[in-house]
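Report on the following structure.
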Amino acid sequence: MPKPEPTELSRPYWDALREGHLVIQRCDCGHAWLPARHHCPACLKPQPRWERASGKGTLVSWVVYHTAYHPAFESRLPYNVALVQLAEGPRLLTNIVDGNEALVADAPVELKVEWEGDAALARFRLA
């Protein structure tokens with residue numbers, strides 16, 4: 001499985017997942033986002049802060065893959081890639097671990113940190 005490659009900028013995100021929770025960046029203007037950036041994408045102010053997210057969200061959309069476009073995903077077919085809107089505002093591309101048949105738009109979801117080797121990943125389950 002391809003591994004994430006944390007950078008100095010993204011390291012707080014990956015460290016938090018290793019500890020079992022999710023963090024997002026937020027600016028003094030109130031805007032929150034993922035992935036990590038040096039400046040707020042809304043007002044361009046530098047030095048955003050990291051804050052712990054609730055881990056709750058809503059399923060916005062998803063696709064179910066029946067073809068593996070990378071050999072590492074062959075054993076996972078069919079698998080989903082989902083867009084989750086976090087309660088704090090940012091949207092995150094992820095997977096829903098409950099299976100593809102149970103997915104419905106606007107379903108409440110909650111964080112489920114899963115390990116792929118030595119990498120902790122933000123996945124979600126239906127709440």
Side-chain angles (χ1 to χ4, degrees):
M1 180 63 84
K3 290 185 178 183
E5 296 181 19
T7 64
E8 185 177 326
L9 177 62
S10 68
R11 191 159 314 284
Y13 174 83
W14 297 109
D15 288 348
L17 286 175
R18 293 180 71 79
E19 295 171 9
H21 60 272
L22 182 65
V23 294
I24 59 172
Q25 284 185 299
R26 187 176 300 275
C27 179
D28 290 340
C29 77
H31 187 73
W33 66 89
L34 283 172
R37 298 174 183 215
H38 289 289
H39 294 82
C40 174
C43 73
L44 302 179
K45 184 176 179 180
Q47 301 176 330
R49 66 185 179 278
W50 287 97
E51 71 178 45
R52 189 171 181 161
S54 66
K56 297 188 182 312
T58 303
L59 179 60
V60 175
S61 185
W62 69 96
V63 63
V64 177
Y65 285 91
H66 296 273
T67 301
Y69 294 100
H70 186 284
F73 294 96
E74 277 185 33
S75 65
R76 297 167 186 254
L77 292 174
Y79 67 93
N80 65 68
V81 175
L83 181 63
V84 167
Q85 175 134 13
L86 301 175
E88 294 78 13
R91 289 183 170 187
L92 180 65
L93 283 173
T94 184
N95 307 107
I96 306 297
V97 298
D98 293 319
N100 302 319
E101 298 78 27
L103 302 179
V104 295
D106 297 324
V109 295
E110 61 188 10
L111 178 68
K112 181 175 193 280
V113 175
E114 288 194 339
W115 289 83
E116 294 282 345
D118 61 353
L121 300 176
R123 294 194 172 128
F124 287 77
R125 63 179 162 229
L126 299 174

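All values derive from a computational prediction rather than experimental measurement. As a basis for the values below, the full set of heavy atoms in this structure was taken, side chains included, without hydrogen atoms, waters or symmetry mates.
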| Residue pairs, two or more places apart or on separate chains, that pass ring-ring contact (aromatic ring centres under 6.0 Å, His included) and touch residues 90-120 | none

| task | Please list, chain by chain and in numerical order, all residues satisfying side chain to side chain donor-acceptor pair (under 3.5 Å) with R76, sequence neighbours excluded. | result | E116

| request: Determine the sole option in V84, L34, L83 for which the side chain to side chain contact (heavy atoms under 4.5 Å, CB included) test with L93 is passed. | output: L83

| query | Measuring from L121:CG to K3:NZ, what's the distance to the nearest 0.5 Å? | reply | 11.0 Å

| remark: By side chain to side chain donor-acceptor pair (under 3.5 Å), T67 pairs with (sequence neighbours left out) none

| message | For residues 35-45, which residue pairs pass the side-chain hydrogen bond (donor to acceptor under 3.5 Å, both in side chains) check, not counting sequence neighbours? | response | D28-K45

| message | Checking Q85 now: which residues fulfil side chain to side chain donor-acceptor pair (under 3.5 Å) with it, not counting sequence neighbours? | response | R91

| said: Can you pull out every ring-ring contact (aromatic ring centres under 6.0 Å, His included) where at least one residue sits in residues 9-35? Sequence neighbours excluded, please. | reply: H31-W33

| remark: The reported gap from CG in L22 to CG in L92 (rounded to nearest 0.5 angstrom) is 6.5 Å

Kindly list each side-chain donor-acceptor pair under 3.5 angstrom involving residues 55-66, sequence neighbours excluded, with atom names and distances?
none

Side-chain donor-acceptor pairs under 3.5 Å in residues 103-111, sequence neighbours left out?
residue: E110; atom: OE2; partner: R125; partner atom: NE; Å: 2.9

| Which residues, ordered by chain and number, are linked to L44 in its hydrophobic cluster, where ILVMFWY side chains connect at heavy-atom gaps below 4.5 Å, directly or through other members? | none

| Of all pairs that satisfy salt bridge (Lys or Arg N to Asp or Glu O under 4.0 Å), the ones with a partner from residues 96-105, not counting sequence neighbours | none

| request: Could I get the full list of side chain to side chain donor-acceptor pair (under 3.5 Å) partners for E51, not counting sequence neighbours? | output: R26

